[in-house]
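In each ligand, atom 1 is the first atom listed, and ligand 1 is the first ligand listed. Small disclaimer: the values here were computed from a predicted structure and weren't measured.
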Amino acid sequence: MHHSDPHPSPPARHWWHSATVYQIYPASFKDSNADGFGDIQGIIEKVEYIASLGVDAVWLSPCYKSQYVDMGYDISDYRQIDQRFGTVEDIERLIARLAECNMKLLMDLVINHTSDQHAWFQESRSSLDSPKRDWYIWRKGKSVTLPDGTIVQKPPNNWESQFKGSAWQYDEITNEWYLRLFAKEQPDLNWDNRDVREAVYGDMRFWLDKGIGGFRMDVINMISKPNGLPDAPVTNPRSEYQPAASLYCNGPHIHGYIREMRQEVLDEYEDVMTVGEVPFTFDPAEVRKYVEPERKELCMLFQFDLFGIDMGSGGKFTPSDWQLKDLKSTISKWQQLLSFTSGAWQTVFLESHDAARSVSRFGDRGQDNRFRVAKMLAMLETTLAGTLFMHQGQEIGMANLAEDIPIEEYMDIETKGFLHDLRQLRQAAEPDRVIELKEIVDEVADQVRLKARDHGRMPMPWDGNKPNAGFSEARDGIRPWTRVNSDFDLCNVAHQEKFTHSVLKFWQRMLAFRRQHAETLVFGDFEPVALDNGPVFAYHRTPLAGSVNKSNNILAILNMTSNSNTVFRMPTSTRGDVVELSLLECSRSKNGHSCAGQTYTTGEEVLLRAYEGLVLAY
Ligand code: NOJ
């Protein structure tokens, strides 16, 4: 191909381009054996339900053997399923059952770190000359002389853990420290060691041989650490430890390791899907390196520009005054940077187990508009280019934990670490009085209620008339591992299956619409109508130039506010002066009145009620 060629041949199409992936958080999906914990058999029971949504794959958060310090992201054996979830044979049955319904299974691959209970780490920590010593990142501490002359041991560098405190853990067996970017029970593997890579590749083949469709790769951009592990610049002078993501993300050998993994493992199998999680990576040039097909690295990424829009400058739990114009321009930017035309692929997602619920983050947090917000966001997501990911419960408009649930009951290690760290900081600043946790909780309650990961992890409410909302039949003092949200009578699957205008039915219709118009919605180009700060986000989607199949253009018009008198003027089409638009889908169906078949002309004013959206094919 010549660089001057105006029509280079488009990249190959794969099944995963147009796929919608449903994320399952196994502990909270469905408990089949009444122990209060979700399990694989429970998922198998719900395969028909999952298929009824119209999705193509399931991403299963980790259910490998684990101590459950970080909810399964601390793995002690990659080839075993934790007994609370079932067995490897259960996974085989799940793969087969999903295949019967034309769905694939994606496993979570957590290979930046293991659990400290993993046999590799047990061996590594046992002595300085253990053959596996170099499988993890061990260093001597720094000796520091205090003003009174005593010498103390400090961590090898000033990096802060993602869960707060130092990123290093002292281990008395050998009087050295190991690096752990997350919890102390999650030591980081040393990817510069060839044997580590080989061992991980072997574990990957174990699952690929069973016929999984691919992997979601946990914090994959952290596996290559910078040479010499230098200190991070001091950006938080009040803390001993400093955020260091800019040093340990996208390190010197990252692309080499991913390409090696691709060549030695992934390309041995047919059309494997990979989605890499890449926190703290915002430079488009860096992002594109991972996903340009000719570089042979990953299929797509979870990139966090949009996802982090409400994070304040002082970290996740500090307020942000983000505006609609920020949301619009962030979406537009990435839709245009990563698209089929641009030769690099992307994902669309607003939720996961690492975030609060989208209706609570992007809506007005009231009950009145809650389901309208959920539908509007469904319209947004199903009309954007990329592989679409939805998180369990999103399809019924699950909201954040209700306000009556005390924050002291939140269980996530990130939430707890944040509260603990803040309390320590305050205590250091005011040594003369005891700072109670309650005081800290009160101070940050609003942010925690808005953004904690706990909101994405509560049990699925299957049926409002059953104990534990149908999630678990646990009784006799056994309770679900974490609280069922108190709004289950308002928001549950059984109810929404019966109700024509439910969020669930709406998602089903929008996913069918996306499939029908995949040529435009999945593969086509994106053009915003305007990126102003107004209430409406409107954009055109157009099929690829030279597209062989005859396809519609799509115009999405979304009122992203609670203002129920929002006027939108139909834009001039990019393709001509006057267009006729016939309405195919809208969220204005609550009273049973259908909008299908209406036509609009350029310049005509359309009135949108709170969080109402229209999607027009023309
Ligand atoms: C990202 C995962 O999604 C999150 O849940 C986990 O805590 C960290 N990586 C560490 O594995």
| request: Specify side chain, backbone, both or neither for R453, according to which of its non-hydrogen atoms lie closer than 4.0 Å to ligand 1. | output: side chain

| message | Show, in sequence, the C-alpha distance, side-chain angles and deciding distance for W207 and Y269, and conclude whether the ring pair (Phe, Tyr, Trp, His ring centres under 6.0 Å) test is met. | response | CA-CA 11 Å; W207 292 105; Y269 299 82; over 10 Å; no

| task | Would you confirm whether the ring centroid of F307 sits within less than 6.0 angstrom of the ring centroid of F349? | result | yes

| Is E414 touching ligand 1 with its side chain, its backbone, both, or neither, if touching means heavy atoms under 4.0 Å apart? | neither

| message | If you apply the rule ring pair (Phe, Tyr, Trp, His ring centres under 6.0 Å), what do you find for W345 with H17, and how did you get there? | response | CA-CA 8 Å; W345 199 234; H17 279 116; 4.7 Å; yes

| said: Under 4.0 Å, heavy-atom basis, I'd like to know which part of F163 is in contact with ligand 1: side chain, backbone, both or neither. | reply: side chain

| field | Atom indices of ligand 1 within 4.0 angstrom of V219 heavy atoms, with elements | value | 9 (N)

| query | Out of curiosity, is H113 lining ligand 1, as in a heavy atom under 4.0 Å away? | reply | yes

| task | Establish, yes or no, whether a centroid distance under 6.0 Å links the rings of Y22 and F389. | result | no

| Nearest protein heavy-atom contact for atom 6 (C) of ligand 1: which residue, which atom, what distance? | D70 OD2, 3.3 Å

| Side-chain donor or acceptor of N157 paired with backbone N/O of L229 under 3.5 Å | yes

| task | Around atom 5 (O) of ligand 1, find the nearest protein heavy atom and jot down its residue, atom name and distance. | result | D354 OD1, 2.7 Å

| Distance from atom 9 (N) of ligand 1 to nearest protein heavy atom, with residue and atom | D218 OD1, 2.9 Å

| said: Below a 4.0 angstrom heavy-atom separation, can you tell me which part of E277, side chain or backbone, both or neither, approaches ligand 1? | reply: side chain

| Does the ring center of F121 lie less than 6.0 Å from the ring center of W138? | yes

| What part of R457 sits under 4.0 Å from ligand 1 if we count only heavy atoms: the side chain, the backbone, both or neither? | side chain

| said: Measuring only between side-chain heavy atoms, which start at C-beta, is R125 closer than 4.5 Å to T174? | reply: no

| query | With a 6.0 Å cut-off on ring centres, are F37 and Y68 close enough? | reply | yes

| message | Can you report which non-hydrogen protein atom sits closest to atom 8 (C) of ligand 1, along with the distance? | response | F182 CE2, 3.7 Å

| request: Using a 4.0 Å heavy-atom cut-off, say whether M217 meets ligand 1 through its side chain, its backbone, both or neither. | output: neither

